[in-house]
Amino acid sequence: MHRLKISILIIRTNKMKNSKVAELLKSTEFDRIVNVKGWVRTKRGNNKVAFIALNDGSVIHNIQVVVDVAAFDEEMLKLITTGAGISATGKLVQSLGQGQSVEIQATEIEVYGTADANTYPLQKKGHSLEFLREIAHLRPRTNTFGAVLRIRHSLAFAIHKYFNDRGFYYLHTPIVTGSDAEGAGAMFRVTTLDALKPPLTETGEVNFKEDFFGKATNLTVSGQLEGELGATALSLIYTFGPTFRAENSNTPRHLAEFWMIEPEMAFYDITDNMDLAEDFLKYLVNYAIEHNADDLEFLNNMYDKELVARLRSITETKYERLDYTEAIEILTKSGKTFEFPVFWGVDLQSEHERYLVEQHFKKPVILTNYPRDIKAFYMKQNDDGKTVRAMDVLFPNIGEIIGGSQREEVYEKLVSRMREMHIPEKEMWWYLETRQYGTVPHSGFGLGFERLVLFVTGMKNIRDVIPFPRTPQNAEF
RNA sequence: UCCUCCUUAGCUCAGUUGGUUAGAGCAUCUGACUGUUAAUCAGAGGGUCGCUAGUUCAAGUCUAGCAGGGGGAGCCA
């Protein structure tokens, strides 16, 4: 009986509740024994007392673990270097030193895993974002990437919350698609055929009838067309999933694999669409300001002194809405010489968009009614015969953050546009049937998730706002 | 894909008109120090100067090719 009691006690001690750093730093319940587990950021001190800055990713701040050197095994303490994974138990007290409000006076420390200081690449200071990109498996352990990843999570959660609270349904559109008519860029082929000797047809072409799906398939470049199928049944839907583009784009704003949010709304016209886009963006930015204040403050101090002010202004200002035609007038009258000449009918270049947003209006701009020849086949045609009800939301620093439109719901108009643009009607029979049976006005848009995260974090390169970026010639990790 | 820049210690970077033994801070190791805040102080170890070829008496430095990376552009989200 006696023994049993002792063993139960031991088990209870070992299973003491682990507290997250975030929760301990906020606590005012002092003089209790707590346990915290995490990774060592730095250790400093002298031969009497050592201070361990411990981080577990729950918050950007570290908790200070105070170690009475005499009370611990010297060899064990030597194992505690930057990067080591440890568990520390001790009394939570108000800090005796400056710089932090609480600290833990350690009574017990367990080292789970060491990090050899001679080879561990992360140090206390001085890492470039370029270097960190090459060690993407370890960079989540840095302050910067901790902050970015927590903000990324918040925004993803806020997207679901925003739509759920407003009666939208999350629709899972396919990742593998047999339709190559989406027209949004080069696609990645999905196949189980032998790359060296694929089965051939009588005319010598690859015979995709023998492929897994019995036809040529690719990774999706957009969930929009399937999204429209959902919206013409559930009224309000959104998609939020990975998207793949095989473009050879090497820029700080492009990824081959990225995440996209695509709401699609029945009975919405282009104005409803713009209202939703503006309200949505303001909500998301505001959500981050409210829920990620510590992380934003860190990024503001380290990378971009105007970050928080810029985020605030985006939530407070009314976005400028104007026609493409008016934008062209502003640009031609601006007196500025652009690298790419401006005239009615051209697609706006980055330099033009940047001028409108950053210099002329100094706030986000929503452009509408673009020339139909530079926009997709499914956009609602205006009565002038020249323009379509497209809308692009342009943001400072990153340019186009949202692209959308009211959709063409009139069967005849849609078909004639498809013929003009050589979109294969036969393959798109299912899309066309939404216009044959109970067609209604509807609208939607696409938001590039990483571009949103880029804007909110103030990072400069899109490869730094996704854990494991996929870009041309790079699919490491 | 086009234009342009970069590559020197584990990391961040200096390195003059080509010239003897390539430097600093941080990190590491040793020592000192009773509460540190990127701790501090003293000392030590650490380099095929991205790779290959060339020019030259002599190349980290000049030239070419290749590799990796950055920035700008296009395509777009």
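Chain letters run A, B, ... following the sequence lines, proteins first and then strands; every chain starts at 1.
Judged by the 6.0 Å distance and 45° axis criteria, A:Arg166 is not positioned over the aromatic ring of A:Tyr238.
Between B:C75, B:G35, B:U1, one nucleotide has an atom nearer to the side chain of A:Gln64 than all others, and that is B:G35. Of the candidate nucleotides B:A73, B:G35, B:A77, B:A77 has the atom lying nearest to any side-chain atom of A:Glu400. You'll find that the side chain of A:His254 is closest to B:G74, out of B:G74, B:G35, B:G69. Distances from the side chain of A:Asp347 to the nucleotides B:C76, B:G74, B:U12 place B:C76 closest. Out of B:G35, B:U30, B:G71, the shortest distance to the side chain of A:Lys78 is found at B:U30. Taking only side-chain atoms of A:Pro252, from C-beta outward, the nucleotide of B:G72, B:G35, B:C76 with the closest atom is B:G72. Nearest nucleotide to the side chain of A:Asn47, out of B:G35, B:A77, B:C33: B:C33. In the set B:C75, B:G70, B:G35, B:G35 carries the atom at the smallest distance from any side-chain atom of A:Phe51.
A donor-acceptor contact under 3.5 angstrom links the side-chain atoms of A:Asn250 to the base of B:U1. Judged by distance alone, with hydrogens and angles left aside, A:Ser249 brings a side-chain donor or acceptor within reach of the base of B:C75, the pair sitting under 3.5 Å. Judged by distance alone with a 3.5 Å cut-off, no donor-acceptor contact links the side chain of A:Gln98 to the base of B:U36. Below the 3.5 angstrom threshold, one finds no donor paired with an acceptor across the side chain of A:Glu130 and the base of B:G71.
Regarding A:Glu476, its CD atom lies at a distance of 12 Å from the P atom of B:G68, rounded to whole Å. In this structure, A:Arg133 places its CZ atom 16 Å from C1' of B:U12, rounding to the nearest Å. When the P atom of B:G69 is taken as reference, atom CG of A:Asn474 falls 6 Å away, rounded to whole Å. Regarding A:Leu79, its CG atom lies at a distance of 14 Å from the P atom of B:U28, rounded to whole Å. As rounded to whole Å, 16 Å separates atom P of B:C76 from atom CD1 of A:Ile462. Look at CD1 on A:Ile374: it is 14 Å from P on B:G74, rounded to the nearest Å. Distance CG (A:Asn143) to P (B:A38): 12 Å, rounded to an integer number of Å. Distance, A:Ile80 CD1 to B:U36 P: 20 Å, rounded to whole Å.
Of the options A:Thr271, A:Asp275, A:Thr368, a side-chain hydrogen bond (donor to acceptor under 3.5 Å, both in side chains) to A:Arg321 is made by A:Asp275 and by none of the others.
Ring geometry, A:Tyr355 versus A:Phe338: the interplanar angle exceeds 60°, so the pair is classed perpendicular (tilted spans 30 to 60°). The aromatic rings of A:Phe298 and A:Tyr303 lie perpendicular to each other, with more than 60° between the two planes, well past the 30° mark. Using the six-membered ring where Trp is involved, A:Phe157 and A:His153 have ring planes that are parallel, under 30° apart on the 30 and 60° scheme. Taking the six-membered ring where the residue is Trp, A:Phe477 and A:His137 present parallel rings, their angle staying beneath 30° rather than reaching 60°. Using bins of under 30°, 30° to 60° and over 60° for the plane-to-plane angle, the ring pair A:Tyr324/A:Tyr370 lands in the tilted bin.
With centroids closer than 5.5 Å and planes inclined by less than 30 degrees as the test, A:Phe449 and the base of B:A77 fail to qualify as a stacked pair.
Figure legend. B:G74 is base-paired to no nucleotide; pairs are counted as Watson-Crick or G-U wobble with both atom distances under 3.5 Å. In this structure B:G68 sits in a base pair with B:C6, meeting the Watson-Crick or G-U test at under 3.5 Å. B:G47 is unpaired under the Watson-Crick or G-U wobble criterion, no partner having all donor-acceptor distances under 3.5 Å.
Comparing the C1' positions of B:U28 and B:C11 gives a spacing of 12 Å, expressed to the nearest Å. Using P as the reference atom, B:G19 and B:G35 are 48 Å apart when rounded to the nearest Å. A gap of 16 Å separates the C1' atoms of B:C66 and B:C6, to the nearest Å. Annotation: B:C49 and B:U7 have their C1' atoms spaced 10 Å apart (nearest Å). Atom name P, nucleotides B:G60 and B:G71: the rounded distance is 30 Å, in whole Å. Nucleotides B:U48 and B:U8 are separated by 12 Å at their P atoms, to the nearest Å. To the nearest whole angstrom, the two P atoms, one in B:A27 and one in B:U12, are 15 Å apart. Using C1' as the reference atom, B:C62 and B:C26 are 33 Å apart when rounded to the nearest Å.
Taking CD from A:Glu278 and OH from A:Tyr319, the interatomic distance works out to 5.5 Å, rounded to the nearest 0.5 Å.
One finds a side-chain N or O of A:Arg354 lying less than 4.0 angstrom from the OP1 or OP2 phosphate oxygen of B:A73. Taking 4.0 angstrom as the limit, A:Arg463 places a side-chain polar atom (N or O) nearer than this to OP1 or OP2 of B:G70. A sub-4.0 Å separation between OP1 or OP2 of B:G35 and a side-chain N or O of A:Gln100 is absent. Neither OP1 nor OP2 of B:C2 sits under 4.0 Å from any side-chain N or O of A:Asn248. Taking only side-chain nitrogens and oxygens, A:Asn46 never comes nearer than 4.0 Å to OP1 or OP2 of B:U34. Residue A:Thr81 has no polar side-chain atom (N or O) positioned under 4.0 Å from OP1 or OP2 of B:U28. The side chain of A:Arg253 places no N or O atom within less than 4.0 Å of a non-bridging phosphate oxygen (OP1 or OP2) of B:C75. Contact between the side-chain N/O atoms of A:Gln473 and the OP1/OP2 oxygens of B:G68 is not found at any separation under 4.0 Å.
Of the two residues near RNA chain B, A:Lys48 and A:Ile402, the one whose nearest nucleotide lies more 5' is A:Lys48. Both A:Gly448 and A:Ala117 sit near RNA chain B, but only A:Ala117 has its closest nucleotide nearer the 5' end.
Within the 4.0 angstrom heavy-atom criterion, no nucleotide atom of any strand lies near A:Glu257. Within the 4.0 angstrom heavy-atom criterion, no nucleotide atom of any strand lies near A:Gln224. As judged by a 4.0 angstrom heavy-atom cut-off over every strand, A:Phe131 is placed among residues touching the sugar-phosphate backbone only. At the heavy-atom level, A:Leu447 lies nowhere under 4.0 Å from the strands shown.
A donor-acceptor contact closer than 3.5 angstrom links the side chains of A:Asn35 and A:Thr89.
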